[in-house]
K.L.:
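Quick one: the structure is below, and I'll ask about it shortly.
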Amino acid sequence: MGEKMRLDRLLAECGEGTRSEVKAYIKKGRVTVNGKAVKDNGLKIDLENDEVWISGHQVKYEKFRYFMLNKPQGCVSATKDGLSATVLDLLDGEITRDLFPVGRLDKDTEGFLLITNDGQLGHELLSPRKHVDKKYIACVSKPLEPEQMSAFEDGVDIGDEKLTMPAKIRRISDETAAKPDGIGAVYEVILQEGRYHQVKRMFEAFGSKVEYLKRISMGQVVLDETLAPGQYRRLTADEVEALRRG
């Protein structure tokens with residue numbers, strides 16, 4: 001026997017309508033369970049073994065959902081915002097009621113953003129104690145000196161109570177990133193924490209301004225290059241498992 005859920009709640013959580021609407025559908029005989037019409041709103045459904053249909057299509061419950069979004073600039077990493085479009089607004093056609101972005105990318109930052117309803121996984125990916133890598137491409141106004149790069153990797157004073165955790169940084173050739181005109185250097189940066197504006201503040205500590213920032217991976221999962229900014233797809237089972245491994 002698997003996990004069970006009330007029929008009306010199951011239909012509502014699968015986006016078939018509000019609780020009152022799905023109760024009306026059930027009353028009208030539009031719902032079948034294992035091939036038989038049912039009219040009991042509170043019928044306990046075995047989520048693994050029972051087959052539920054409504055109005056000619058099957059209802060499949062997913063406890064957790066995982067989406068990879070290539071976040072565009074100008075979009076806010078939040079579930080709602082009074083002024084700007086949010087990342088959830090980009091998940092056109094999806095049921096977004098219980099979804100949230102894992103961590104935040106600044107409004108002008110692009111790239112990999114995980115959106116899910118799996119709170120435990122989200123917590124583990126963001127916890128500095130779990131040491132999950134977040135990799136970025138940063139285009140900055142001027143190059144760092146060798147001693148500055150060493151300091152960058154040791155931990156930087158960005159005005160918080162503690163130095164940043166040790167990071168990894170390497171300069172990459174300008175051809176490997178879309179480098180805007182006038183940018184002084186391009187770096188790959190790997191962090192294991194996610195403080196407010198952290199990458200920008202780390203470079204600013206050495207007098208260099210981040211002009212363009214893109215996150216390209218989280219843990220072992222890399223941004224799908226076929227996704228244009230603003231596009232998304234579901235994670236594969238292998239990608240979800242890779243995130244769980246960190």
Side-chain angles (χ1 to χ4, degrees), residues 1-72 75-105 112-127 218-219 221 224 227 230-245:
M1 299 291 288
E3 180 183 353
K4 291 191 174 183
M5 182 181 294
R6 282 177 57 106
L7 178 59
D8 53 0
R9 179 185 169 192
L10 168 64
L11 294 173
E13 292 203 2
C14 289
E16 299 297 338
T18 64
R19 288 288 278 268
S20 59
E21 287 173 339
V22 299
K23 286 178 180 179
Y25 300 152
I26 295 168
K27 185 177 181 180
K28 293 177 181 178
R30 292 170 57 181
V31 179
T32 65
V33 178
N34 300 326
K36 297 181 180 180
V38 296
K39 294 189 176 182
D40 179 4
N41 297 325
L43 180 66
K44 296 293 185 178
I45 302 299
D46 185 322
L47 298 178
E48 292 183 9
N49 300 303
D50 288 339
E51 190 172 289
V52 179
W53 288 65
I54 181 171
S55 302
H57 67 271
Q58 188 173 0
V59 177
K60 294 186 178 181
Y61 176 74
E62 295 177 284
K63 184 174 184 179
F64 296 124
R65 293 175 292 151
Y66 309 89
F67 300 92
M68 174 192 296
L69 171 70
N70 185 358
K71 179 194 169 300
C75 193
V76 178
S77 298
T79 56
K80 58 184 177 179
D81 187 272
L83 299 175
S84 302
T86 74
V87 291
L88 294 189
D89 294 330
L90 299 175
L91 271 60
D92 185 37
E94 303 291 344
I95 303 168
T96 60
R97 179 177 59 251
D98 58 346
L99 297 176
F100 62 91
V102 178
R104 303 176 72 90
L105 291 181
F112 187 130
L113 188 64
L114 173 66
I115 298 177
T116 184
N117 61 338
D118 188 341
Q120 180 63 33
L121 178 61
H123 172 74
E124 291 179 356
L125 290 172
L126 295 178
S127 172
M218 176 178 280
V221 181
D224 187 335
L227 295 176
Q231 292 185 330
Y232 73 95
R233 68 164 172 79
R234 286 177 177 261
L235 264 62
T236 66
D238 287 344
E239 288 172 333
V240 173
E241 180 59 29
L243 286 177
R244 293 192 187 284
R245 293 195 303 267

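All values reported here derive from a predicted model rather than from experimental measurement.
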K.L.:
Please report the closest heavy-atom contact between A78 and T86, naming both atoms and the distance.
P.N.:
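That would be O-CB, 3.2 Å.
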
K.L.:
Using 4.0 Å as the upper bound for N to carboxylate O, is an ion pair formed by D98 and R65?
P.N.:
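Yes, this pair counts.
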
K.L.:
Looking only at heavy atoms, which two atoms of G103 and S77 are closest? And how far apart?
P.N.:
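That would be O-CB, 4.3 Å.
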
K.L.:
Heavy-atom distance under 4.5 Å between the side chains of T79 and P101, does that happen here?
P.N.:
yes

K.L.:
Got a second to check how far L69's CG is from L113's CG, nearest 0.5 Å?
P.N.:
5.5 Å

K.L.:
Determine yes or no for a side-chain-to-main-chain donor-acceptor pair under 3.5 angstrom, with R30 supplying the side chain and S55 the backbone.
P.N.:
no

K.L.:
How many angstroms lie between CE in M5 and CG in D50, if you round to the nearest 0.5 Å?
P.N.:
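Taking CE in M5 and CG in D50, the distance rounds to 12.5 Å.
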
K.L.:
Once rounded to the nearest 0.5 Å, what's the spacing between atom CG of L88 and atom CD1 of I95?
P.N.:
13.0 Å

K.L.:
Do R233 and E239 pass the salt bridge (charged side-chain N to carboxylate O under 4.0 Å, His left out) test, and can you show the C-alpha distance, the side-chain angles, and the key distance before you say yes or no?
P.N.:
CA-CA 12 Å; R233 68 164 172 79; E239 288 172 333; 2.8 Å; yes

K.L.:
Taking all non-hydrogen atoms of both residues, which atom of L235 and which atom of F67 are closest, and how far apart?
P.N.:
CD1-C, 3.5 Å

K.L.:
Ignoring hydrogens, what is the shortest heavy-atom contact between L105 and F112? Give both atom names and the distance.
P.N.:
CD1-O, 3.6 Å

K.L.:
How long is the gap from CD on Q231 to CG on N70, to the nearest 0.5 Å?
P.N.:
8.0 Å

K.L.:
For the residue pair Y232 and L90, establish whether any side-chain heavy-atom pair is separated by less than 4.5 Å.
P.N.:
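SC-SC contact between Y232 and L90 ruled out.
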
K.L.:
NZ/K23 to OG1/T18 distance, rounded to the nearest 0.5 angstrom?
P.N.:
9.5 Å

K.L.:
Is R9 close to R19 at the side-chain level, that is, under 4.5 Å between some pair of heavy atoms?
P.N.:
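Yes, their side chains come closer than 4.5 Å.
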
K.L.:
So, for V31 and V52, which heavy atoms are closest and what is the spacing to 0.1 Å?
P.N.:
CG1-CG1, 4.2 Å

K.L.:
Is there a side chain to side chain contact (heavy atoms under 4.5 Å, CB included) between D118 and Y66 once you walk through the steps?
P.N.:
CA-CA 8 Å; D118 188 341; Y66 309 89; 2.6 Å; yes

K.L.:
Run the side chain to side chain contact (heavy atoms under 4.5 Å, CB included) test on E13 and R97 for me, step by step, so that the C-alpha distance in whole Å, both residues' side-chain angles and the decisive distance to 0.1 Å come before the verdict.
P.N.:
CA-CA 9 Å; E13 292 203 2; R97 179 177 59 251; 3.9 Å; yes

K.L.:
Would you sort out whether T236 and D238 count as a side chain to side chain contact (heavy atoms under 4.5 Å, CB included), showing the intermediate values?
P.N.:
CA-CA 5 Å; T236 66; D238 287 344; 4.0 Å; yes

K.L.:
For the backbone of E51 and the side chain of N34, can you confirm whether one donor and one acceptor N or O come within less than 3.5 Å of each other?
P.N.:
yes

K.L.:
May I ask you to test the Y25-I54 pair for a side-chain heavy-atom distance under 4.5 Å?
P.N.:
yes

K.L.:
Please find the pair of heavy atoms, one from Q58 and one from W53, that lie closest to each other, and give the distance.
P.N.:
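Minimum heavy-atom contact is N-CE3, 3.5 Å.
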
K.L.:
Roughly how far, to the nearest 0.5 Å, is the CG atom of L47 from the NZ atom of K60?
P.N.:
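Here the rounded value is 14.0 Å.
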
K.L.:
Is the side chain of N41 donor-acceptor paired with the backbone N or O of L7 at a distance under 3.5 Å, no angle test?
P.N.:
no

